[in-house]
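Only one structure is covered here, and it is reproduced in the block below.
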Amino acid sequence: MVTASEFSLSATAKDVRKIRCEALVLGVIQGTDGPVLLDSGLSEKSTGALGSTLVSLGVSGKADEVTRLPGLSGAEADVIVLTGLGSKETATDEETLRRAAGAAIRNLMGVESVVIAIPAPTVAAVAAIAEGAALGAYVYTENRHSTAASLKAPVSRVTVHSPVAAEPAVSAALRRAEILGKAVNATRTLVNRPPSHLYPETFASAARELARSLPVKVTVFDEKKLEKDGYGGLMGVGKGSSRPPRLVKVEYSPSKPAKKLALVGKGITFDSGGLSLKPPAGMETMKCDMAGAAVVLNALLAIAELGLPIKVTAWLCIAENMPSGTAQRPSDVMTTYGGRTVEVLNTDAEGRLVMADGIAAASEERPDIVLDVATLTGAQMVALGKRTSAVMGDKIVRDAVATAADRAGELFWAMPIPEELRSSLNSQVADIANVGEKMGGMMTAAAFLREFVGEFDGHAIPWGHLDIAGPAFNEAAPHGYTPKEGTGVAVRTLVAYAEDLVSNGR
Ligand code: BES
Ligand code: MN
Ligand code: ZN
């Protein structure tokens, strides 16, 4: 079961000097003449000595630098925590605040309650600090049975100190931060859960469980239903596994919705490559290949909890890609949902097969927009590295997603789908082949998916495609509010996109 860890946010304008807490977080920037301790409301008498010894303490103020110190006289905190905000020019950016708060909270595992006194003069700054804190308060421990002493729990209570704490907009911002944090952290847990535990059937039940307390409807299509209704992509990919595929449809239908949004997510619970087997090293992280499905599920749940007036339907395309005597073979031809045939030249290009089914099924309901999210290609990382995701598709949707991502604090970069790539997918024996031009393979994959986006009234449904192959899973050290392994990237972008749809209709 994915249980949302207990986490609560509040804000206060109380005199910092009088706040009793376990840990008090202060900000440090990299000034032109060295590190500068930012004003926190503590008196000059209590922080003066600290401020002038930062260099000797080894504190530079750079981003991701977190230092714990004993309490100060004139403050009621057991521990003082310094978090770096980097250079002065960017120190007040919302994303800087998220990361600095996140890094501090992430480093305070084992501490229960924390007060953050980084300067937060506006509601937007309070929101950013709160979001960063919620995202930093995460650890995945489901299968670790070590003693309590060695496993420290994440921070469970955070108070943001700000002069605007009493403004009505602050409580809405804190609630939104809590909801976003819960959605991102639930996504991380699904991604982190090993494929021994998370496979199509258990993923579908986890989706039901997470949705239980919300006004959303969950329908699970099992392998019999998928076979009967012609979901050849999911069935073809799932054929090699002893654990059959699932399609999970999650619906949030508020009354009088402004728009209808369809979300489609890649849910490969383990990608071995199938008969086009991956080398061992390439398989190690392939439990993350269901991140797209976890993202669309949790984004929908967050949108529902926020009560946004748009109808959202999420399609989770879930299968395990395994090699076996029943697995699909390179050169097999299968029929996707809706009737189009695909020649499977490489069984490791499985994501686009299950997504073809999902995108076609989503299109049938005539949504205003289809967005799909997938850890689709290794080429995504070749193009943009491990921290920047790609967004492709129709220009208006693509650019609106990039704008939403920017506001959410996620790195998404608009990429094209060059026309010439389409013909590289031509097949001699089927309507289309599942692999084509390797150079720019991320865009080739997008050209494949585009073929399955439906149309009505003679117009293609506006569509956006998010390839999060690299950013979904952090193999490197934690940074900012980002932990190791599952990152939950794209949840916040989808929620921000939905909010923008409500406010400006795009
Ligand atoms: N799941 C992988 C893509 C991936 C690779 C995600 C690394 C995250 C990290 C996908 O199914 C895949 O194997 N794609 C192939 C496509 C190729 C056969 C055309 C790839 O990128 O090599
Ligand atoms: Mn693959
Ligand atoms: Zn895959």
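Note that ligands are numbered from 1 as they come in the structure, with each ligand's atoms numbered from 1 the same way.
Inspection of the Ser272 and Asn321 side chains reveals no N or O donor paired with an N or O acceptor under 3.5 Å. Between Thr375 and Asp289, the side chains place a donor N or O and an acceptor N or O closer than 3.5 Å (distance only, hydrogens not considered). Asp372 and His465 are linked by a side-chain donor-acceptor pair at a separation below 3.5 angstrom, with hydrogens and angles left out of the test. A donor-acceptor contact closer than 3.5 angstrom is absent between the side chains of Ser389 and Asp467. Side-chain contact of Thr313 with Tyr252: a donor-acceptor pair under 3.5 Å is absent, judged by distance alone. Side-chain contact, Tyr140 with Glu142: a donor N or O sits under 3.5 Å from an acceptor N or O. Checking Asp357 against Thr336 by side-chain atom types alone, no donor-acceptor pair falls below 3.5 Å.
Closest to atom 2 (C) of ligand 1 among all protein heavy atoms lies Asp271 OD2, 3.5 Å. From the protein, the heavy atom lying nearest to atom 20 (C) of ligand 1 is Gly378 N, 3.9 Å. Atom 18 (C) of ligand 1 has as its closest protein heavy atom Asn346 ND2, 3.4 Å.
Look at Gln380 and you'll find every heavy atom at least 4.0 Å from all atoms of ligand 1.
Within the 4.0 Å heavy-atom criterion, neither part of Ile268 lies near ligand 1. When non-hydrogen atoms are compared, ligand 1 lies under 4.0 Å from the backbone of Asp348 as well as from its side chain. Contact annotation for Arg352 and ligand 1: only side-chain heavy atoms (C-beta onward) come within less than 4.0 Å of the ligand. If you look at Lys266 next to ligand 1, the close heavy atoms, those under 4.0 Å, all belong to the side chain.
Close approach to Glu350 involves these atoms of ligand 1, each under 4.0 Å from a residue heavy atom: 11 (O). Each of the following atoms of ligand 1 lies closer than 4.0 Å to a heavy atom of Met381: 7 (C), 9 (C). Applying the 4.0 Å criterion to heavy atoms of Thr377 picks out, from ligand 1, the atoms 3 (C), 21 (O). Close contacts between ligand 1 and Met286 involve ligand atoms 1 (N), 4 (C), 5 (C), 6 (C), 7 (C), 8 (C), 9 (C) [criterion: under 4.0 Å to a heavy atom].
Checked against the Zn ion (ligand 3), the N, O or S atom of Asp271 at the shortest distance is OD2. The atom of Asp271 nearest to the Mn ion (ligand 2) is OD2, with the search restricted to N, O or S atoms.
Rounding to 10 degrees, one finds that the Mn ion (ligand 2) sits at the corner of an angle of 120° between Asp348 OD1 and Glu350 OE1. The OE2 atom of Glu350 and the OD2 atom of Asp289 meet at the Zn ion (ligand 3) at an angle of about 100°, given to 10°.
For the salt bridge (Lys or Arg N to Asp or Glu O under 4.0 Å) criterion with Glu485, the lone passing option out of Arg193, Lys287, Arg188 is Lys287.
The closest heavy-atom contact to atom 10 (C) of ligand 1, among the options Val435, Leu353, Leu376, Asp467, comes from Leu376.
Proximity of atom 22 (O) of ligand 1 to the protein is not indicated, since no non-hydrogen protein atom lies closer than 4.0 angstrom.
Between Arg366 and Ile461, the closest side-chain pair of non-hydrogen atoms is not below 4.5 Å.
Remark: side-chain polar atoms of Ser427 are not paired, donor with acceptor, to backbone N or O of Glu343 under 3.5 angstrom.
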Between Glu178 and Arg175, is the salt bridge (charged side-chain N to carboxylate O under 4.0 Å, His left out) condition met? List the steps.
CA-CA 5 Å; Glu178 267 179 30; Arg175 178 164 175 271; over 6 Å; no

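The Zn ion (ligand 3) has Lys266 among its coordinating residues (N/O/S atom, backbone or side chain, under 2.8 Å).
Counting non-hydrogen atoms of neighbouring residues, nucleotides and ligands closer than 6.0 angstrom, the CZ atom of Arg387 reaches no more than 12 such neighbours.
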